[in-house]
> 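This is the structure I have questions about; it appears just below.
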Amino acid sequence: QVQLVESGGGLVQAGGSLRLSCAASGRTFSSYAMGWFRQAPGKERDFVAAISRSGGSTNYADSVKGRFTTARDNAKNTVYLQMNSLKPEDTAVYYCAATPYSSWRYRVGDYNYWGQGTQVTVSS
């Protein structure tokens, strides 16, 4: 089992920045590739970013490419999502997730463990 807890969400004006953190406990954090997803009201959960076990490979949704960056610190059992140049359409609940695959994955179904989510609201 892996327990994931997100933090760092909040209210920010358009153009601003936030950094989300996801702290993991339980089994060895470095055994899991990690992903970030988001879900707006009435919409499906969408892929945002993912990072491999080692942190050497990342992938991003086109909608956030160039604005968001994900990184991990395996010594601290934590993965991060740095969000810059935020837009109102980035408003959603953001989730981190863990998958036993070594490389990044973009499908919801590939992830076994999920955090509770953190709300990000971007005002115009």
Side-chain angles (χ1 to χ4, degrees):
Q1 289 284 341
V2 176
Q3 293 79 41
L4 303 172
V5 178
E6 301 98 335
S7 60
L11 173 64
V12 64
Q13 288 188 332
S17 298
L18 283 174
R19 188 177 81 155
L20 305 184
S21 299
C22 173
S25 61
R27 291 189 175 181
T28 307
F29 177 66
S30 59
S31 298
Y32 295 87
M34 300 296 295
W36 290 95
F37 294 79
R38 65 187 181 187
Q39 188 166 18
K43 295 188 176 182
E44 294 184 348
R45 190 168 296 189
D46 291 332
F47 170 75
V48 175
I51 188 166
S52 62
R53 288 177 184 172
S54 68
S57 178
T58 57
N59 191 36
Y60 300 91
D62 288 343
S63 58
V64 307
K65 204 168 290 185
R67 300 188 297 124
F68 290 12
T69 303
T70 188
R72 66 189 296 163
D73 186 338
N74 286 345
K76 294 183 178 180
N77 287 0
T78 303
V79 62
Y80 305 96
L81 183 67
Q82 177 67 44
M83 305 185 295
N84 298 328
S85 303
L86 283 161
K87 304 175 181 179
E89 50 264 42
D90 293 319
T91 295
V93 177
Y94 283 70
Y95 299 90
C96 69
T99 174
Y101 286 98
S102 59
S103 182
W104 48 261
R105 288 290 185 271
Y106 64 88
R107 295 189 302 181
V108 170
D110 286 336
Y111 288 82
N112 299 68
Y113 304 102
W114 294 84
Q116 83 289 350
T118 185
Q119 177 70 47
V120 171
T121 303
V122 184
S123 62
S124 57

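Quick note: numbers below take in every heavy atom, side chains included, and nothing from hydrogens, waters or symmetry partners.
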> Looking only at non-hydrogen atoms, find the nearest pair between Ala71 and Val79 and report the distance.
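Looking at all heavy atoms of both residues, the closest pair is O-CG2, 3.2 Å.
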
> When rounded to the nearest 0.5 angstrom, what is the spacing between CH2 in Trp36 and OG1 in Thr70?
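Going from the CH2 atom of Trp36 to the OG1 atom of Thr70 covers 7.0 Å.
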
> Please name all residues satisfying salt bridge (charged side-chain N to carboxylate O under 4.0 Å, His left out) with Lys65, sequence neighbours left out, ordered by chain then number.
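Asp62.
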
> Work out which heavy atom in Thr78 is nearest to a heavy atom in Lys76; give both atom names and the distance.
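In this case the closest contact between Thr78 and Lys76 is OG1-O, 2.8 Å.
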
> side-chain contact (heavy atoms from CB on, under 4.5 Å) for Gln119 and Leu11? Distances and angles first, verdict last.
CA-CA 8 Å; Gln119 177 70 47; Leu11 173 64; over 6 Å; no

> Please list every donor-acceptor pair under 3.5 Å in which a side-chain atom of residues 13-23 meets a protein atom from a residue at least two apart or in another chain.
residue	atom	partner	partner atom	Å
Ser17	OG	Asn84	OD1	2.9

> Go through Val122 and Val120 one step at a time and tell me if the side-chain contact (heavy atoms from CB on, under 4.5 Å) criterion holds.
CA-CA 7 Å; Val122 184; Val120 171; 4.2 Å; yes

> With a 3.5 Å distance limit and no angle check, can you tell me whether Arg67 reaches the backbone of Ser85 through a side-chain donor-acceptor pair?
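Checking the backbone N and O of Ser85 against the side chain of Arg67, a donor-acceptor pair under 3.5 Å is found.
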
> Take Glu6 and Gln116 through the test side-chain contact (heavy atoms from CB on, under 4.5 Å) and record every step on the way to the result.
CA-CA 7 Å; Glu6 301 98 335; Gln116 83 289 350; 2.9 Å; yes

> Do Arg72 side-chain atoms and Ser52 backbone N/O form a donor-acceptor pair below 3.5 Å?
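Checking the backbone N and O of Ser52 against the side chain of Arg72, a donor-acceptor pair under 3.5 Å is found.
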
> Please find the pair of heavy atoms, one from Tyr94 and one from Leu81, that lie closest to each other, and give the distance.
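In terms of heavy atoms, the two residues are closest at CD2-CD2, 4.1 Å.
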
> Can you name the closest pair of heavy atoms from Asp73 and Phe29 and give their distance?
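So the minimum-distance heavy-atom pair works out to O-CE2, 4.1 Å.
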
> Run through the side-chain heavy atoms of Ile, Leu, Val, Met, Phe, Trp and Tyr, join any pair under 4.5 Å, and report what else lands in Phe47's cluster.
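Its cluster mates, by chain and number, are Phe37, Val93, Tyr95, Trp104, Tyr106, Val108, Tyr111, Trp114.
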
> Got a sec, which residues hit side chain to side chain donor-acceptor pair (under 3.5 Å) with Gln39, two or more places apart in sequence or on another chain?
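Expected list: Arg45.
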
> To the closest 0.5 Å, what do you measure between OG1 (Thr58) and CE (Met34)?
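Reported to 0.5 Å precision, the distance equals 14.5 Å.
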
> Please list all pairs passing the ring pair (Phe, Tyr, Trp, His ring centres under 6.0 Å) test where one or both residues lie in residues 48-93, with sequence neighbours left out.
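Every pair satisfying ring pair (Phe, Tyr, Trp, His ring centres under 6.0 Å) with a residue in residues 48-93: there are none.
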
> Can you name the closest pair of heavy atoms from Ser31 and Arg53 and give their distance?
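Taking Ser31 first and Arg53 second, the nearest heavy atoms are O-NE, 3.1 Å.
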
> Which heavy atom in Ala98 sits nearest to a heavy atom in Leu4, and how many Å separate them?
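Looks like N-CD1, 3.8 Å.
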
> Report the residues that fulfil salt bridge (charged side-chain N to carboxylate O under 4.0 Å, His left out) with Arg38, sequence neighbours left out, ordered by chain and then residue number.
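Arg38: salt bridge (charged side-chain N to carboxylate O under 4.0 Å, His left out) contacts with Asp90.
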
